[in-house]
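Numbering of residues begins at 1 and proceeds along the displayed sequence.
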Amino acid sequence: MKLIAVSLAFFISLPAAQAQLKAAPVCPPLVVDVLEGHVSHKIDCSSTSGEVQKQFPCFTEVVEETNGTTCGAVLYKDKDIYFYTERDYIEIREKFKGTLEPALMGVNRNLLFKLLGNPKMKDAGWEAYQTKYGTLILYFNGDNKINKIQITNKSTETIKLCE
């Protein structure tokens with residue numbers, strides 16, 4: 001009887017003994033240069049999904065690309081940064097865990113002229129600026145402070161944003 005109990009315990013614990021420890025992928029610090037249009041000097045708006053995943057392996061989700069019918073993306077929900085690789089833009093949201101250069105998040109709309117000049121397009125909740133890499137779109141909350149940033153290599157006429 002003891003032999004059966006020991007054997008049973010051995011076979012039940014065998015899968016746990018063969019389990020391997022797996023370390024979570026570690027990402028380098030995320031530094032978004034809003035005026036230059038890149039992240040950590042390595043990824044820009046035209047980077048592929050594979051390039052983003054290789055450079056920053058700690059992604060939380062990947063949405064596969066389908067030749068324009070969806071919004072293929074590499075998502076970092078825990079860091080509040082989203083690389084929409086199929087539509088060539090990067091979105092940084094309010095709770096971004098990284099560094100913004102310049103630190104625009106939370107800046108009042110009225111202070112942007114000195115840094116960015118006049119917007120190319122504007123609406124009540126957003127403004128779009130022409131940059132050397134394409135377009136910078138800034139979104140504002142009810143207090144007129146920046147709460148979302150999008151950088152793209154597209155023009156205001158050709159960008160197609162995801163919902």
### Query
What are the two closest heavy atoms between Trp126 and Arg109, and how far apart are they?
O-NH2, 3.3 Å

### Task
Check whether Phe96 and Tyr139 end up in the same hydrophobic cluster, where Ile, Leu, Val, Met, Phe, Trp and Tyr are linked by side-chain heavy atoms less than 4.5 Å apart.
no

## Note on the structure
Scanning both residues in full, the closest heavy-atom pair of Phe59 with Val74 reads CB-CG1, 3.6 Å

### Task
Look only at the side chain of Gln130 and the backbone of Gly134, and say whether a donor-acceptor pair between them is shorter than 3.5 Å.
yes

### Query
Under a single-linkage definition using a 4.5 Å side-chain heavy-atom cutoff for Ile, Leu, Val, Met, Phe, Trp and Tyr, are Ile151 and Tyr82 assigned to the same hydrophobic cluster?
no

### Task
State, yes or no, whether a side-chain contact exists between Leu115 and Pro102 at a heavy-atom distance under 4.5 Å.
yes

### Task
For side chain to side chain contact (heavy atoms under 4.5 Å, CB included), just list the numbers for Leu104 and Leu112, CA-CA rounded to whole Å, side-chain angles, deciding distance to a tenth of an Å, and then say yes or no.
CA-CA 9 Å; Leu104 289 176; Leu112 296 174; 4.1 Å; yes

### Query
Among the clusters formed by ILVMFWY side chains lying less than 4.5 Å apart, do Ile146 and Leu136 turn up in the same one?
yes

### Task
Keeping the roles fixed (side chain from Ser47, backbone from Val52), state whether a donor-acceptor pair exists under 3.5 Å.
no

### Query
CD of Gln150 to CD1 of Ile137: how many Å apart, nearest 0.5 Å?
5.0 Å

### Query
For the hydrophobic clusters of this structure (ILVMFWY residues joined by side-chain heavy atoms under 4.5 Å, transitively), does one cluster hold both Leu100 and Leu116?
yes

### Task
Answer yes or no: is there a side-chain heavy-atom contact under 4.5 Å between Ile149 and Met105?
yes

### Query
Can you find a side-chain donor-acceptor pair between Asp143 and Asn141 that sits under 3.5 Å?
no

### Query
With ring centroids as reference points, do Tyr76 and Phe83 lie under 6.0 angstrom apart?
yes

### Query
Hey, is the main chain of Lys154 close enough, under 3.5 Å, to the side chain of Thr135 for a donor-acceptor pair?
yes

#### Entry: Lys/Arg-Asp/Glu bridge criterion (N-O < 4.0 Å) met for Lys120, Glu127
no

### Summary
In short, Pro57 meets Cys27 closest at the heavy-atom pair N-SG, 3.7 Å

### Nearest-0.5 Å distance that lies between atom CG in Asn108 and atom CG in Asn144
6.0 Å

### Query
Can you check whether Lys79 reaches Leu30 side chain to side chain, under 4.5 Å on heavy atoms?
yes

### Task
Grab the two heavy atoms, one from Ile90 and one from Cys45, that are nearest each other, plus how far apart they are.
CD1-N, 4.1 Å

### Query
More than 12 heavy atoms of other residues, nucleotides or ligands under 6.0 Å from NZ of Lys148: is that the case?
yes

### Message
With rounding to the nearest 0.5 angstrom, report the CD1 to CD distance, Ile43 to Gln53.
### Response
10.5 Å

### Message
Would Glu65 and Thr85 count as a side-chain hydrogen bond (donor to acceptor under 3.5 Å, both in side chains) here? Give the steps.
### Response
CA-CA 8 Å; Glu65 295 184 7; Thr85 54; 2.6 Å; yes

### Query
Looking at CG of Leu161 and SG of Cys71, how far apart are the two atoms once the value is rounded to the nearest 0.5 Å?
8.5 Å

### Task
Let me see the working for Ile159 and Asp88 under side chain to side chain contact (heavy atoms under 4.5 Å, CB included), right down to the final yes or no.
CA-CA 8 Å; Ile159 187 170; Asp88 295 331; over 6 Å; no

### Query
Can you name the nearest heavy-atom pair linking Asp44 to Gly37, along with the distance?
CB-O, 3.5 Å

### Task
Indicate yes or no for a side-chain donor-acceptor contact from Glu51 to the backbone of Thr48 under 3.5 Å, with no hydrogens or angles considered.
yes

### From CG (Asp33) to OH (Tyr133), nearest 0.5 Å
8.5 Å

### Heavy-atom closest contact (Val107 atom, Leu111 atom, distance)
CG1-CB, 4.2 Å

### Query
With a 3.5 Å cut-off and no angle check, do the side chains of Tyr84 and Glu86 form a donor-acceptor pair?
no

#### Entry: Transitive ILVMFWY side-chain link Val62 to Tyr89, under 4.5 Å
no

### Message
When you compare the side chain of Glu101 with that of Val32, does any pair of heavy atoms fall below 4.5 Å?
### Response
no

### Query
Any donor and acceptor pair, going by atom type alone, linking the side chain of Arg87 with main-chain N or O of Gly72 inside 3.5 Å?
no

